[in-house]
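Written out below as structure tokens is the structure these notes cover.
Just the heavy atoms: all of them, side chains too, but no hydrogens, waters or symmetry mates, feed the values below.
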Amino acid sequence: MTPALTATTANSAAAAALKGTATGTATLAVSTREAVPTLVYRTAVTTAEGLQHVLVDARSGAVVEKWAEEQTVTGTGTGYNVGTVTLETTLSGSTYQLKDPTRGNTYTVDMNNRRIGSGTLFTDADNKWGTGALTDRATLGVDAQYGVSETWDFYQQEFGRNGIADDGVGSYNRVHYGNSYLNASWSDTCFCMTYGDGNGSTYNPFVTLDVAGHEMTHGVTSRTAGLTYSGESGGLNESYSDIMGTLVEFYSNNVKDVADYLIGEKVVASGTPLRWMDDPSKDGSSAKCWSSTVKNLDVHYSSGVGNHAFFLLAVGSGAHTVNGVSYSSPTCNSGTVTGIGNEAAGAIFYRALTTYLTSSSNYSAAKTATLKAATDLYGASSTEYAATAAAWAAVSVS
């Protein structure tokens with residue numbers, strides 16, 4: 001058997017087929033996968049899913065077979081907030097890694113209570129992670145890995161988005177960051193989430209589902225509208241993270257972290273939310289109605305206008321009980337808004353973010369963008385369009 005292709009051509013064919021980068025030099029081999037043995041080149045390609053071994057037909061350049069360098073397996077974990085869940089992990093040799101090749105190689109590291117360095121990838125001998133107790137360092141690793149998985153699935157299943165940057169590449173998590181660190185954050189620089197442990201008294205660990213969805217949505221916003229993090233655009237940026245973080249909770253339907261329209265309620269030890277979507281003014285600082293002074297507020301407080309508009313669009317005004325939680329949502333114009341549900345409201349807001357909003361968009365522009373999105377999705381004469389207009393009017397964006 002004589003090859004028709006060179007090793008270089010085989011590498012190029014493999015890289016093109018897998019949309020990756022060829023690694024090393026292709027070598028000739030014989031594949032017996034089919035009834036008739038086939039002369040192939042064996043090579044490797046680095047892809048968004050990790051290193052793939054590839055067999056390329058030495059005559060046609062077609063990919064005959066491919067397999068991952070590392071084996072994907074399903075493990076179980078018990079988190080502090082999410083309870084016992086399944087996790088896709090990686091078997092490397094005889095060691096399991098808290099890394100998910102099915103979702104762009106998302107993974108979780110232990111920062112070992114430091115604020116510098118790359119951290120240590122969580123590994124395990126039996127693919128059973130965490131105990132639910134904070135004395136087991138892997139417990140918060142489970143919460144973080146589950147959070148990134150659920151957020152990935154939410155965006156993919158609801159909107160067809162393939163990862164935060166829509167390129168199939170996964171982000172990663174840093175847990176046990178610093179000592180008594182009271183925050184969680186997204187970084188475009190490292191393409192990662194960082195979670196603090198709380199202080200053991202007033203604040204619990206910040207690794208919760210709505211926080212995970214919130215932080216990763218900052219990454220989505222960065223790669224779509226790019227909303228500037230100040231003034232009204234900054235409030236919109238924060239609002240979008242609260243909205244999508246909430247929708248991640250509802251999508252996940254986790255029995256240990258029941259979905260609600262409260263932001264960060266599991267973070268504060270007392271159970272008091274960081275923010276309320278039905279009436280943002282309950283925290284004493286957030287705006288529930290738009291005014292010309294909203295742009296002067298901290299972005300976490302000016303976000304209240306967007307949060308309130310979304311709640312009214314999804315759930316409606318007045319009194320409601322959802323998953324055992326009672327809400328009472330006022331309107332700023334004394335009007336009444338009938339909700340259209342999370343799915344339709346989420347679709348409208350997502351399309352507005354990814355299609356119409358720009359870096360300098362304010363709340364007036366957000367109203368226009370969501371009305372355009374509602375027209376695209378449901379029509380200008382639809383119930384959804386009318387509800388979108390009513391929700392913005394009800395928060396004084398009219």
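Residues His53 and Arg42 form a side-chain contact, since some pair of their non-hydrogen atoms from C-beta on lies under 4.5 Å apart. Contact check for Tyr41 versus Val64: no side-chain heavy atoms found under the 4.5 Å cut-off. Taking 4.5 Å as the limit, some side-chain heavy atom of Gln145 sits within range of a side-chain heavy atom of Thr106. Contact check for Val395 versus Lys288: no side-chain heavy atoms found under the 4.5 Å cut-off.
Residues that satisfy the side chain to side chain donor-acceptor pair (under 3.5 Å) test with Lys367, not counting sequence neighbours, are absent from this structure. By the side chain to side chain donor-acceptor pair (under 3.5 Å) test, Ser233 is found to be paired with no residue, residues two or more places apart in sequence or in another chain being considered.
Contact check on Arg351 versus Asp376 returns a salt bridge, with a Lys/Arg side-chain nitrogen under 4.0 Å from an Asp/Glu carboxylate oxygen. Between Arg137 and Asp110 there is a salt bridge, since at least one side-chain N of the basic residue sits less than 4.0 Å from a carboxylate O of the acidic one. Contact check on Asp210 versus Lys266 returns no salt bridge, with no Lys/Arg side-chain nitrogen under 4.0 Å from an Asp/Glu carboxylate oxygen. In this structure, Arg103 pairs ionically with Asp100, as a charged nitrogen and a carboxylate oxygen lie closer than 4.0 Å. Ionic pairing of Arg223 and Asp167 is not present here: no N-O contact between side-chain nitrogen and carboxylate oxygen is shorter than 4.0 angstrom.
Linking Ile, Leu, Val, Met, Phe, Trp and Tyr residues whenever their side-chain heavy atoms come within less than 4.5 Å places Met277 and Val268 in a single cluster.
In this structure, Tyr251 OH and Glu158 CD are separated by 7.0 Å, a value rounded to the nearest 0.5 Å. In this structure, the separation between CD on Gln52 and CG on Leu18 is 6.0 Å, given to the nearest 0.5 Å.
Contact record, Leu357 with Ala369: CD2-CB, 3.7 Å, taken as the closest heavy-atom pair. Asn81 and Asp143 make their closest contact through N-OD1, 3.0 Å (heavy atoms, listed as atom of the first residue, atom of the second, distance). Closest non-hydrogen pair, Thr354 versus Thr224, comes out as CG2-CG2, 3.6 Å. Of all the heavy atoms in Ala14 and Val54, the pair that sits closest is CB-CG1, 4.1 Å. In this structure, Gly147 and Met216 approach most closely via the heavy-atom pair O-CE, 3.6 Å. Of all the heavy atoms in Leu98 and Gly141, the pair that sits closest is CD2-O, 3.7 Å.
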Tyr146 and Ser252: CA distance, side-chain angles, deciding distance, side chain to side chain donor-acceptor pair (under 3.5 Å) verdict: CA-CA 10 Å; Tyr146 182 76; Ser252 181; 2.9 Å; yes
Working for ring pair (Phe, Tyr, Trp, His ring centres under 6.0 Å), residues Tyr96 and Trp129: CA-CA 10 Å; Tyr96 296 94; Trp129 309 81; 7.4 Å; no
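Its side chain within the 4.5 Å cluster rule, Leu297 clusters with Tyr301 among the Ile, Leu, Val, Met, Phe, Trp and Tyr residues. Other cluster members for Met111: Tyr107, Val109, Leu121, Tyr172, Tyr177, Tyr181, joined by side-chain heavy-atom distances under 4.5 Å among Ile, Leu, Val, Met, Phe, Trp and Tyr. Annotation for Tyr385: hydrophobic cluster partners, listed by chain and number, are Leu371 (ILVMFWY side-chain heavy atoms under 4.5 Å, direct or chained).
When each of Asp197, Thr120, Asn113 is checked for a side chain to side chain donor-acceptor pair (under 3.5 Å) with His176, only Asp197 meets the rule.
Under a 3.5 Å cut-off, the side chain of Glu384 and the backbone N or O of Ala344 do not form any donor-acceptor pair.
Residue pairs meeting the ring-ring contact (aromatic ring centres under 6.0 Å, His included) criterion with at least one partner in residues 312-353, sequence neighbours excluded, are Phe159-Tyr350, Tyr240-Phe349, Tyr261-Tyr327, Phe310-Phe349, Phe311-Tyr327.
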